[in-house]
Amino acid sequence: MRSESGSVRSSALPEQDGATPLTGLADLAEAIRCGDRSAGEVIEESLHRIRTLDPTLNAFCTVDEEGARSRAAEVDRRIAAGESVGPLAGVPVGVKDLICTQGMRTTGGSVLYADFIPDEDDVVVELLRKADAVIVGKTNAAEFGYGAIGHNDLFPTTRNPWNTALTSGGSSAGSAAAVSAGMVPLALGTDGGGSIRIPASLSGVFGMKPSWGRVPLYPGCRDERYPGLSGWESLEHIGPITHTAADAALALSVLSQPSARDRFSMPPTPDQWDLTQRLESLSRCRVAFSVDLGSALVDREVRVAVEDAVRRLQGVIPEVDRAHPGTGSNETTFEAIVAMETDRSGLRALAASKGVAIKGWLGSIIERQWTGDEFTAAILDRKRIVNATWRFMENYDFFITPTTAVPAFPIDSYGPETIEGHELPPSGWTPFSTLANFTGLPAASIPIGFTKQGLPIGIQVMGRHLDDQGVLALATLVESLFPLPTRPPI
């Protein structure tokens with residue numbers, strides 16, 4: 001593992017000609033609000049990096065240059081006039097293509113929605129606009145989010161900025177790659193089974209799935225008019241991908257608002273995103289960790305990196321135990337719940353009307369003849385998993401695991417077939433992420449180092465019910481123990 005400062009350059013990417021990578025969200029937002037930088041110049045830097053790098057990376061599937069410039073000019077005009085602006089004024093943001101943007105194409109990564117222009121913004125997009133962020137475009141994703149990589153039949157697959165022959169992970173593939181490459185300092189992802197944390201880990205950036213209900217969702221997952229876009233209601237979350245936990249806290253301070261359109265959304269608590277006091281309390285917390293949940297196959301370099309992270313934490317937090325909730329494999333339960341929440345008849349009808357064959361995992365879910373008993377068994381098993389986890393978390397403030405079992409792998413695959421000679425099931429390389437989706441607990445991926453080949457490794461921190469602040473605070477502590485490069489590897 002390599003953890004010293006310095007970057008890994010991918011020779012497949014073009015050299016830069018003066019465009020500054022956009023990394024620090026909080027610093028950038030403050031510089032624009034104070035007039036030290038103009039929103040216009042920041043947006044031009046973002047657009048320049050997209051034009052230069054994206055023909056190789058395929059992080060963006062839609063870019064709105066005209067709209068971004070217009071919005072930035074309006075922010076600059078208001079600042080010059082002495083008017084108040086929002087906390088993200090002038091900051092360029094990428095939005096995953098599963099999240100609706102009014103007047104801007106939203107495909108869900110599917111040919112079924114190739115020309116879909118939403119008539120309304122998703123709630124989170126409304127909140128971004130209210131905070132005066134500038135949405136520069138939509139980022140690439142697996143079709144409807146059904147997969148932990150970035151494959152779809154509509155756009156080229158997103159590549160990893162650390163090595164363009166490899167995947168950036170998914171399904172928020174483009175969002176992670178865009179932040180990693182410095183095209184934007186903030187991108188939104190969705191996470192129904194790890195789709196923020198997995199690409200964040202493989203792409204060497206910070207990604208957080210907040211507590212369920214913390215960030216409102218609509219129309220995504222909740223609007224019955226859109227088969228494919230309307231699934232995963234009890235699993236899905238929206239969250240930020242950034243370079244640091246502090247930047248994610250700033251983003252969540254904007255995104256964490258209740259909405260009548262999401263019956264599960266909740267109001268924020270006072271000082272929820274101020275990490276100062278919580279950082280001071282970390283020395284008194286209890287942490288559990290597991291490198292394999294008792295049975296998962298994990299790449300040796302990933303194991304070593306996580307063990308090293310735990311040793312460093314033990315120098316700051318005395319009570320760090322090797323333990324896990326013992327919930328066992330949940331692949332069958334996860335697939336059944338996804339199938340139950342998918343509008344399978346609607347997708348079949350939509351595909352038939354367009355003469356399209358739905359393939360891959362989504363296709364198999366649609367075609368399979370599920371039974372009510374299978375769905376009931378999945379619901380009951382989820383209750384078992386949730387109950388085992390809350391009982392476990394009564395004894396611990398945080399639970400640490402690897403984010404993924406392996407580092408990035410070749411772009412033309414759906415995951416490694418083996419780990420050190422042992423055969424893997426199709427999703428065996430992502431055994432750590434779905435637990436936080438079943439339970440709704442907050443979880444984040446933090447970069448902690450590199451393999452010998454220079455590929456990022458991430459560690460996952462999961463917190464107690466609604467303790468997003470604690471997860472962000474512990475993530476900040478982890479970042480201080482691993483002085484990794486914050487600038488992109490290109």
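On a predicted model such as this, the values are computed, not experimentally measured, just so you know. In what follows, residues are counted from 1 in the order of the sequence shown.
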To check you understand the geometry: which heavy-atom pair defines the closest contact between [X] and [Y], and what is its length?
X: Asp122; Y: Pro216; answer: OD1-O, 4.4 Å
X: Ser290; Y: Pro402; answer: O-CD, 3.4 Å
X: Ser175; Y: Thr139; answer: OG-OG1, 2.7 Å
X: Val298; Y: Glu420; answer: O-OE2, 4.4 Å
X: Gln469; Y: Leu275; answer: O-CD2, 3.8 Å
X: Cys61; Y: Asp97; answer: SG-OD2, 3.5 Å

Tell me whether the count of non-hydrogen atoms from other residues, nucleotides or ligands lying under 6.0 Å of CG in Asn395 goes above 12.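 Yes, the 6.0 Å shell around CG holds more than 12 heavy atoms from other groups.
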Is it the case that over 12 heavy atoms from other parts of the model lie below 6.0 angstrom from the CD atom of Glu423?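 Result for CD/Glu423: open.
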Are Glu126 and Arg261 ion-paired here, with the side-chain N under 4.0 Å from a carboxylate O? yes
Identify which one of Thr106, Leu229, Val125 satisfies the side-chain contact (heavy atoms from CB on, under 4.5 Å) criterion when paired with Pro118. Thr106
Steps toward side chain to side chain contact (heavy atoms under 4.5 Å, CB included) verdict (Leu235, Phe334): CA-CA 9 Å; Leu235 296 167; Phe334 179 73; 3.9 Å; yes
Can you sort out the partners of [X] under side-chain hydrogen bond (donor to acceptor under 3.5 Å, both in side chains), two or more places apart, ordered by chain and number?
X: Ser433; result: none
X: Arg322; result: Glu307
X: Ser201; result: none
X: Arg278; result: Ser281, Asp467

Is [X] reaching over with its side chain to a backbone N or O of [Y], donor-acceptor style, under 3.5 angstrom?
X: Gln102; Y: Asp119; value: yes
X: Asp121; Y: Val123; value: no
X: Arg384; Y: Thr327; value: yes
X: Ser180; Y: Ala176; value: no
X: His237; Y: Val215; value: no
X: Ser253; Y: Leu250; value: yes
X: Arg464; Y: Tyr396; value: yes
X: Thr451; Y: Gln453; value: yes
X: Asp397; Y: Cys285; value: no
X: Ser259; Y: Gln257; value: no

Residue pairs fulfilling side-chain hydrogen bond (donor to acceptor under 3.5 Å, both in side chains) with at least one residue in residues 214-235, sequence neighbours excluded: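 Only Glu120-Arg225, Tyr146-Trp232, Arg214-Gln272, Arg214-Asp468, Tyr218-Asp223, Arg222-Glu233, Arg222-Asp262, Asp223-Arg225, Glu233-Arg263, Ser234-Glu341, Ser234-Arg382 qualify under side-chain hydrogen bond (donor to acceptor under 3.5 Å, both in side chains).
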List the atom pairs, with distances to 0.1 Å, where a side-chain N or O of residues 404-412 and a protein N or O form a donor-acceptor pair under 3.5 Å, not counting sequence neighbours.
residue	atom	partner	partner atom	Å
Thr404	OG1	Val406	O	2.6

Per-pair distances, 0.1 Å, donor-acceptor, side chain in residues 355-364, under 3.5 Å, sequence neighbours excluded:
residue	atom	partner	partner atom	Å
Lys359	NZ	Asp153	OD2	3.3
Trp361	NE1	Glu335	OE2	2.8
Ser364	OG	Trp361	O	2.7

By ring-ring contact (aromatic ring centres under 6.0 Å, His included) - contacts of [X] (at least two apart):
X: Trp390; value: none
X: Phe438; value: none
X: Phe144; value: Tyr113

Please lay out, stage by stage, how Arg368 and Glu374 fare under the test salt bridge (charged side-chain N to carboxylate O under 4.0 Å, His left out). CA-CA 12 Å; Arg368 179 173 166 179; Glu374 286 179 296; 2.2 Å; yes
Got [X] and [Y] here, is their nearest side-chain heavy-atom distance under 4.5 Å?
X: Leu435; Y: Ile385; value: yes
X: Pro210; Y: Pro442; value: no
X: Glu301; Y: Val304; value: no
X: Asp292; Y: Arg303; value: yes
X: Arg344; Y: Glu367; value: no
X: Met340; Y: Trp370; value: no
X: Leu313; Y: Leu477; value: yes
X: His243; Y: Leu25; value: no

Atom pairs and distances, side-chain donor-acceptor, residues 184-193, under 3.5 Å, sequence neighbours left out:
residue	atom	partner	partner atom	Å
Thr190	OG1	Lys96	NZ	2.6
Asp191	OD1	Gly193	N	3.4
Asp191	OD1	Gly194	N	2.7
Asp191	OD1	Ser195	N	3.4
Asp191	OD1	Arg197	NH2	2.9
Asp191	OD1	Asn437	ND2	3.1
Asp191	OD2	Ser195	N	3.4
Asp191	OD2	Ile196	N	3.1
Asp191	OD2	Arg197	NE	3.0
Asp191	OD2	Arg197	NH2	3.4

Step-by-step side chain to side chain contact (heavy atoms under 4.5 Å, CB included) determination, Thr244 to Phe206: CA-CA 6 Å; Thr244 66; Phe206 180 89; 5.8 Å; no
Parallel, tilted or perpendicular: which describes the rings of Trp162 and Phe450, with under 30° parallel and over 60° perpendicular? tilted
Could you go through the side chain to side chain contact (heavy atoms under 4.5 Å, CB included) check for Val320 and Phe289 one step at a time? CA-CA 7 Å; Val320 181; Phe289 81 96; 3.8 Å; yes
Listing request: all ring-ring contact (aromatic ring centres under 6.0 Å, His included) pairs with a residue in residues 172-204, at least two apart in sequence or in separate chains.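 Non-adjacent pairs meeting ring-ring contact (aromatic ring centres under 6.0 Å, His included): zero.
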Test side chain to side chain contact (heavy atoms under 4.5 Å, CB included) on Val95 and Met104 and set out the steps. CA-CA 11 Å; Val95 175; Met104 187 186 303; over 6 Å; no
Looking only at side chains, do Thr333 and Asp381 share a donor and an acceptor under 3.5 Å apart?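 Looking only at side-chain atoms, Asp381 and Thr333 do form a donor-acceptor pair, the distance falling under 3.5 Å.
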